[in-house]
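Structure, as structure tokens:
All chains are named by letter (A, B, ...) in the order of the sequence lines, taking the proteins before the strands, and each is independently numbered beginning at 1.
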Amino acid sequence: MIALFKRDIMLAFRSGGGFGLALSFFLIVVMFVPFGVGADLALLAIIAPGILWIGALLACLLSLDRIFQLDFEDGTLDVLATSPLPGEAITGAKAAAHWVTTGLPLTLAAAPLGYLLNLPSEAYFWLVASLLTGTPALSFIGSFGAAITVGVKRGGLLLSLLVLPLYIPTLIFGAQTVTRAATGQDPLSTWAMMTGLSLFAVAAMPLAAALALRVNLR
Amino acid sequence: MTPDLGKYADAVLSAYGISVLLLAGLIWLSLTQSARARKKLAEEEKRHRKNG
Amino acid sequence: MSVWKYANPAKFMSLSGRVLPVLTVLSGAFLLVGLVWGFFFTPDDYKQGSTVKIIFLHVPSAFLAINIWIMMLVTSLIWFIRRHHVSALAAKAAAPIGITMTLIALFTGAIWGKPMWGTYWAWDPRLTSFMILFVFYLGYMALWTAIEDRDTAADLTSILCMVGSVFALLSRYAVNFWNQGLHQGASLSVDAETHVDNAFYLPLLVCIAGFVLLFVSLVLLRTRTEIRLRRLSALQVRGSAT
């Protein structure tokens, strides 16, 4: 399981795909917002929490189909399925690897990007905290969507349609946490709720993903 | 015949209009799909019986 | 004797074939009575004027939009646990009806919202929840059409329906957290103190019965279509093999 986890991370680094791609996408989304709404710093400060969360979420979405697709096509998944490793461990390890190569870098990149959007200084801690505990939910829920659509040719668009609605509660609590911090309210309650959601996703989604994967490998 | 709907006539009538339209569309779609499936299945079964 | 014997497609076809005409007539009658009663013979509300007549479409469609999803969840579970094809096909057949009901609830709500709240759309928790429900229906239906193998599609959509239900519920509560509402409380409560006035309550109940009967008729009709299509493709496979 740990070997699989390491292998996935190595592959993501070597192909240069997920890692740099998601970060560049995040940067571009954040850069586009002033182009779209104007460079008014006061306005940007108000919408910064939402933009940063939506940007991170979309950047995360971008690399989801890589979790299973390549291994499905070259038969690695069939080999893994016949190994003694339980399916839940496979999906869990792969989702965790996706988080390390996508969610974690996005979390680290969010603070400097927040500065570009004039995020109020009180909110930086909660921005990083909410992304740190919120992006695992994105990766694990996403891995479920990826497992469902792995057999569909050109399933990228379908994957987004299935996964984005599942992201709604995470996005609401995550962005609320940062907004509350930015406007001087207590962000702890929404952060705790989002983290609870994230823990639930980490615990439950590998089961659902393994279920879907078994159907697709039948 | 029509009751006096007052100043909200447009709202009430358009709400009823849209709903009836949507429901009619759904019913029509279900009926044509059903008829098509029934016809195709009948043809296929006939062909099968002929071929043994 | 148990209900499971109707899980056999042939039994289901013969029973539904007999029941369907009766249900269709009943649903037509209930809808006609309820909507005519609601539209022509109810008084105007002292505050809302004639717009209150929209309730006879808005509440039944919203009621069904949610309950059809729950019915899909139940049939998905039955398919997953007991592998009855009729169940999986019924879930597939119900989705387009559910999405239509969601649309009707959204449209009539928007039209009603304009004169009452001064806007067609506000990000009120209940409106937002229905928008979310709409997206869930879209994803579910898209997954059915994307997968060719019928049993795989049935399995994957039922998994999606189960996981989706959990997250739909979570979204419902998350949305409450995020914005304050404009909606009134329960219109349908059995408690006479809180539900809408009796002049509207009785025709409303008739309308709801009509909508439910319409849904049952449509879902039977559409399930029959799906069963026929399934048999058709089975015959075609056998035909091409010989």
Side-chain angles (χ1 to χ4, degrees), chain B, chain C residues 20 24 31 35 38-44 48-58 60-61 93 96-97 99-101 103-116 211 214-215 217-236 238-239 242:
Chain B
M1 183 61 206
T2 0
D4 178 24
L5 295 171
K7 57 179 171 166
Y8 299 129
D10 290 351
V12 178
L13 289 176
S14 59
Y16 274 75
I18 287 179
S19 306
V20 169
L21 221 62
L22 279 171
L23 283 179
L26 176 69
I27 293 169
W28 179 78
L29 203 68
S30 305
L31 286 175
T32 48
Q33 281 171 347
S34 161
R36 205 182 318 140
R38 191 191 295 253
K39 199 171 125 233
K40 270 195 189 154
L41 183 62
E43 276 168 15
E44 189 72 22
E45 274 178 338
K46 208 163 74 190
R47 213 164 54 86
H48 259 264
R49 238 169 280 139
K50 211 163 39 192
N51 299 348
Chain C
L20 193 54
T24 313
L31 276 177
L35 289 177
F39 189 77
F40 293 102
F41 303 108
T42 51
D44 285 359
Q48 310 204 3
S50 60
T51 56
V52 74
K53 293 182 197 299
I54 298 176
I55 200 175
F56 303 113
L57 297 163
H58 184 66
S61 56
I97 312 174
I99 205 168
T100 311
M101 292 300 167
L103 270 179
I104 292 178
L106 280 172
F107 274 123
T108 54
I111 293 168
W112 201 354
K114 181 65 180 166
M116 289 306 110
F211 266 79
L214 176 69
F215 161 68
S217 322
L218 278 175
V219 101
L220 286 182
L221 175 69
R222 299 185 65 92
T223 310
R224 287 166 65 82
T225 305
E226 293 295 337
I227 290 175
R228 287 207 173 97
L229 287 176
R230 197 164 181 284
R231 175 154 167 72
L232 178 68
S233 66
L235 282 177
Q236 277 166 343
R238 215 185 306 160
T242 50

Test log, rule side chain to side chain contact (heavy atoms under 4.5 Å, CB included), inputs B:I18 and C:L57: CA-CA 10 Å; B:I18 287 179; C:L57 297 163; over 6 Å; no
One pair to check against side chain to side chain contact (heavy atoms under 4.5 Å, CB included): C:F107 and B:L21. What are the steps and the verdict? CA-CA 12 Å; C:F107 274 123; B:L21 221 62; over 6 Å; no
Determine, stepwise, if the pair B:V12 / C:I111 fulfils side chain to side chain contact (heavy atoms under 4.5 Å, CB included). CA-CA 8 Å; B:V12 178; C:I111 293 168; over 6 Å; no
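Taking all atoms of both residues into account, the shortest heavy-atom contact from B:E44 to C:L235 is CG-CB, 3.7 Å. Closest heavy-atom contact between B:L26 and C:R222: CD1-NH1, 4.3 Å.
Ranked by heavy-atom pairs shorter than 4.5 Å toward chain C, the options B:E43, B:R38, B:Q33 are led by B:R38. When each of B:S30, B:A11, B:G25 is checked for heavy-atom pairs under 4.5 Å with chain C, B:S30 comes out on top. For the set C:T108, C:L229, C:I227, C:L221, the count of heavy-atom pairs under 4.5 angstrom toward chain B peaks at C:L221.
Contacts of C:I104 with chain B are made by both backbone and side-chain atoms, with heavy-atom separations under 4.5 Å. In this structure, chain C has no heavy atom under 4.5 Å from any part of B:R36. C:F215 does not touch chain B: none of its heavy atoms, backbone or side chain, sits under 4.5 Å away.
Taking CZ of C:F56 as the start and OG of B:S19 as the end, the distance is 13.0 Å to the nearest 0.5 Å. Interatomic distance, CZ of C:R228 versus OG of B:S34, reported as 5.5 Å (0.5 Å rounding).
Taking a cutoff of 4.0 Å between a charged side-chain nitrogen and a carboxylate oxygen, C:R231 and B:E45 qualify as a salt bridge.
B:Y8 places a side-chain heavy atom less than 4.5 Å from the side chain of C:M116. Within the 4.5 Å cutoff, side-chain heavy atoms of B:L23 are placed close to those of C:M101.
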